[in-house]
Protein chains: 4
Amino acid sequence: MVNISKVQQAAVLLFARQGFAATGIRELGGAAGINSATIYHYAGSKEELLVQVMRSCLDEMITSGAAAMRISAEPTIQLAALVSSHVGFTATNPLTARVAEYEMRALSPDNRTAMQKLRDDYESLFAQVVERGIRVGDFSTDDATMARLALMEMGTGVAHWYRPDGRLTLIEVQHNFVAMACKILSANQTMLDGIDYIRPPVVVASEPTGTSVTISG
Amino acid sequence: MVNISKVQQAAVLLFARQGFAATGIRELGGAAGINSATIYHYAGSKEELLVQVMRSCLDEMITSGAAAMRISAEPTIQLAALVSSHVGFTATNPLTARVAEYEMRALSPDNRTAMQKLRDDYESLFAQVVERGIRVGDFSTDDATMARLALMEMGTGVAHWYRPDGRLTLIEVQHNFVAMACKILSANQTMLDGIDYIRPPVVVASEPTGTSVTISG
Amino acid sequence: MVNISKVQQAAVLLFARQGFAATGIRELGGAAGINSATIYHYAGSKEELLVQVMRSCLDEMITSGAAAMRISAEPTIQLAALVSSHVGFTATNPLTARVAEYEMRALSPDNRTAMQKLRDDYESLFAQVVERGIRVGDFSTDDATMARLALMEMGTGVAHWYRPDGRLTLIEVQHNFVAMACKILSANQTMLDGIDYIRPPVVVASEPTGTSVTISG
Amino acid sequence: MVNISKVQQAAVLLFARQGFAATGIRELGGAAGINSATIYHYAGSKEELLVQVMRSCLDEMITSGAAAMRISAEPTIQLAALVSSHVGFTATNPLTARVAEYEMRALSPDNRTAMQKLRDDYESLFAQVVERGIRVGDFSTDDATMARLALMEMGTGVAHWYRPDGRLTLIEVQHNFVAMACKILSANQTMLDGIDYIRPPVVVASEPTGTSVTISG
DNA sequence: CATGAATGAGTTTTCATTCAT
DNA sequence: CATGAATGAAAACTCATTCAT
């Protein structure tokens with residue numbers, strides 16, 4: 001229970017830095033402080049290790065996102081909660097999130113299908129909010145799809161630069177992104193006044209701790 | 001002159017699909033229709049092939065972006081031109097752009113430093129526009145850095161979904177992104193009325209043609 | 001402990017026959033009865049395998065030679081003991097000795113420097129004996145350096161033709177070489193009467209056994 | 001006629017330094033100042049280039065050695081002439097001689113047989129002289145074969161250390177070796193007084209010029 | 001004569017994985 | 001649980017050689 005996280009954290013750290021394909025199983029063992037053969041006690045293969053990490057990451061994103069949407073029936077508040085959740089998760093688990101995003105291509109067809117399904121489920125949360133906001137007249141945009149994609153891309157980008165000890169607190173970043181999202185969708189930001197739509201983000205087991213790594217590219 | 005593009009296009013296609021590390025030199029040869037050993041006539045190593053591709057991509061992005069900024073002294077028009085250039089390039093050369101972005105980590109330290117320098121040069125174009133727009137009071141945002149990063153991230157995301165034969169023309173997409181950019185920076189979009197800030201994007205030699213590949217992840 | 005000798009013996013056998021550069025790692029594995037990849041458990045590289053062999057060979061030559069010189073303070077007896085040791089070692093470990101001599105050039109600069117140092121240490125034993133013998137008037141020659149080199153070259157040549165089951169016993173060969181050495185240096189052979197200056201030579205772990213190979217060239 | 005020597009000299013230089021197997025055809029071209037493909041105008045293969053060099057070297061050694069033996073019918077004078085010739089040739093063509101000796105093993109069976117035949121022919125000159133000198137009572141040794149081998153080995157060793165600009169002139173070295181040979185065979189050196197048994201050595205076309213290379217090993 | 005381009009077979013080394021201990 | 005040893009397959013890269021120009 002404690003060791004498996006160590007392995008997953010080592011995996012995420014190295015996969016994020018170098019990519020799945022460029023990371024060897026021996027390297028993983030070394031980073032986790034165990035013999036490389038021992039990894040096969042925790043995961044049947046290198047790919048399964050990646051799948052474990054991706055699945056728990058996407059599961060948590062979906063769970064948090066769905067919970068965020070349940071705090072209100074108002075599209076604008078749902079949008080704020082969802083964007084906050086997304087940005088919060090991404091900023092809190094930057095390496096895991098990055099791996100879950102980048103390494104889809106490393107999966108074999110079966111696993112890829114399964115993981116893509118989870119990602120699609122997650123993205124559909126955004127699609128639902130945007131679509132309903134437009135339908136009820138709270139949002140307005142030239143192109144709903146493009147707006148949604150831009151929204152997510154932006155939020156995901158947080159993983160590239162956010163640092164807990166940086167210039168801005170996480171909450172500031174979240175508010176900022178909510179503001180940008182509202183602008184993009186021409187939503188009325190004042191609807192959010194006095195609403196506490198931010199939930200503290202979960203730290204997933206696979207996220208390395210104490211590593212302030214700079215990942216380039 | 002014709003062969004080297006063929007090799008580069010094969011490289012970009014496979015690097016974009018599978019990643020640099022997961023692409024073999026034999027695979028590259030096969031995709032380019034030549035013996036794998038022949039690749040070493042065009043590039044001293046697999047990494048050098050990647051560097052060639054990245055360098056020409058980043059060079060072109062910088063050239064186009066700098067040219068875009070010269071069409072006017074108005075920050076809003078510069079912003080529109082720069083965003084259009086970025087989106088246009090990314091949509092026209094999605095695979096090359098993707099490789100140039102994703103595979104920075106695959107480079108050895110020396111090459112990485114050199115390529116990162118080019119990317120920094122390019123990003124500084126955005127920083128300059130945003131900073132000047134704010135200074136002269138044409139733009140307004142809670143956080144300039146975050147806005148700039150969101151702007152670029154958004155535009156880069158185009159490579160993930162834009163298809164020439166898709167629902168929207170490139171020009172529509174460009175206008176749309178310019179609109180979103182203006183919203184994010186609270187810029188006055190009417191300043192763009194009647195201004196032709198879009199230049200046709202260049203197709204770089206390494207961009208595969210006739211491939212409507214779907215890249216996931 | 002048993003396997004590493006097997007690998008080293010295979011290496012020495014093939015390196016002696018064909019040379020280091022002309023011997024493949026697969027060939028080595030085949031000769032040692034193991035998979036070629038397994039060789040990398042015993043040595044980090046093909047060159048390291050060579051270094052292992054050379055180092056243990058030269059270490060043993062130095063140890064034996066130094067011991068030989070300690071059996072007496074008389075230059076003539078030291079000469080006899082050193083020549084016997086050299087000839088004995090070379091005849092007992094012909095392939096290893098040959099590899100240690102011929103393949104110096106196959107080493108990378110760092111390893112070459114280290115191995116050359118060992119060889120220089122060994123050769124200096126001969127230089128010391130010859131020099132002291134001349135100084136105290138026991139030896140006489142037109143040119144000390146040339147005599148020493150000729151002495152060593154001669155002895156090393158034993159590896160090219162000596163066979164344990166040949167016409168002469170090892171002890172006969174040793175006595176013969178001692179006689180030639182004395183002639184070259186005009187030393188008084190009668191000083192050796194009744195002196196037992198021959199020690200049984202050591203068989204190094206890398207010397208192939210049961211192989212009556214003819215090495216040409 | 002001028003170019004073929006250049007190629008052969010480059011070959012000898014590199015083969016002596018690194019060995020035949022470790023020398024690439026491109027490297028040879030580079031050292032000879034021509035394209036690697038052009039080498040195939042001068043020799044049908046890398047091995048043929050080696051054969052050319054070895055054959056002309058051994059031919060010249062046999063010719064010179066045979067001529068040396070014709071200067072007298074006296075075994076002692078023949079010995080002096082043959083040893084002088086051997087040492088002279090080896091010191092004058094150290095790299096070529098070294099290649100001809102070391103790289104026999106690099107040859108394919110057919111070529112090896114042919115070259116070994118030449119070497120055997122050459123060695124038989126020494127065998128003849130020693131045998132006849134013993135038969136007529138001019139020489140005396142415990143073991144004729146061993147003496148002959150030691151004699152040749154010693155002389156060949158000259159290639160390892162002799163330098164034209166060194167401490168000793170070639171003639172001094174030759175006289176020295178003749179003296180050592182006489183000692184080994186207990187021949188009467190005074191028989192050589194006043195006899196001019198030294199012929200100036202030939203420089204073979206393949207011997208690199210102006211290169212004072214140190215070859216280790 | 002000379003060469004740049006090309007290639008199939010080869011090189012050393014690393015890979016993910018298995019298994020006896 | 002943990003590991004050192006082992007391995008077949010594959011990695012990137014180099015090889016000697018050919019040939020059209």
- request: Taking all non-hydrogen atoms of both residues into account, name the closest pair between C:Ala31 and C:Leu14 and its distance.
  value: CB-CD1, 3.8 Å

field: Spacing between B:Ile34 atom CD1 and E:dT7 atom C1', to the nearest angstrom
entry: 10 Å

task: Measure up the A:Tyr102 and B:Tyr102 rings against each other and bin them: parallel (under 30°), tilted (30 to 60°), perpendicular (over 60°).
output: parallel

message: Counting only side-chain nitrogens and oxygens, does A:Asn35 get under 4.0 Å of the OP1 or OP2 atom of F:dA2?
response: no

- line: C:Lys46 has its side chain closest, among F:dT17, E:dA16, E:dT12, to E:dT12

message: Using side-chain heavy atoms (C-beta onward) and a distance below 4.5 Å, is B:Leu28 in contact with B:Ile25?
response: yes

task: Quick one: do C:Gln9 and C:Glu207 satisfy side chain to side chain contact (heavy atoms under 4.5 Å, CB included)? Show the steps, please.
output: CA-CA 6 Å; C:Gln9 287 176 19; C:Glu207 186 65 22; 5.9 Å; no

message: Between P on E:dT17 and CG on A:Leu49, what's the gap in Å once rounded to a whole number?
response: 10 Å

Length of the line joining A:Gln18:CD and E:dT14:C1', which is rounded to integer Å: 15 Å

message: Both C:Ile39 and B:Gly44 contact DNA chain F. Taking the nearest nucleotide for each, which residue is further toward the 5' end?
response: C:Ile39

message: Looking at E:dT7, which nucleotide sits across from it as a Watson-Crick or G-U wobble partner, both distances under 3.5 angstrom, or is there none?
response: F:dA16

- line: pair_partner(E:dC1), Watson-Crick or wobble, both distances < 3.5 Å, evaluates to none

query: Within this structure, what is the OH-to-P distance between C:Tyr40 and F:dA10, rounded to whole angstrom?
result: 18 Å

message: Without decimals, in angstroms, what is the distance between C:Glu48 CD and E:dT12 P?
response: 16 Å

- request: Quickly work out the B:Phe15 CZ to F:dA12 P distance and round it to whole Å.
  value: 9 Å

- prompt: Which residue lies toward the 5' end of DNA chain E, A:Gly24 or C:Arg26, if each is placed at its nearest nucleotide?
  reply: C:Arg26

field: Protein-nucleotide distance (A:His41, atom NE2; E:dT18, atom C1'), rounded to Å
entry: 11 Å

Side-chain heavy-atom pair C:Leu107, C:Met54 within 4.5 angstrom cut-off: yes

- prompt: Between E:dA6 and B:Tyr42, is there an OP1 or OP2 to side-chain N/O distance shorter than 4.0 Å?
  reply: yes

query: Atom CD1 of B:Ile25 to atom C1' of E:dT14: distance rounded to whole Å?
result: 16 Å

- request: Kindly say if B:Thr38 contacts the phosphate of E:dT7, meaning a side-chain N or O under 4.0 Å from OP1 or OP2.
  value: yes

- line: Contacts of C:Ala21 and A:Thr23 projected onto DNA chain E by closest heavy atom; the upstream (5') one is C:Ala21

task: Under 4.0 Å between any heavy atoms, over every strand shown, what does D:Ser36 touch: base, sugar-phosphate, or nothing? Just pick one.
output: nothing

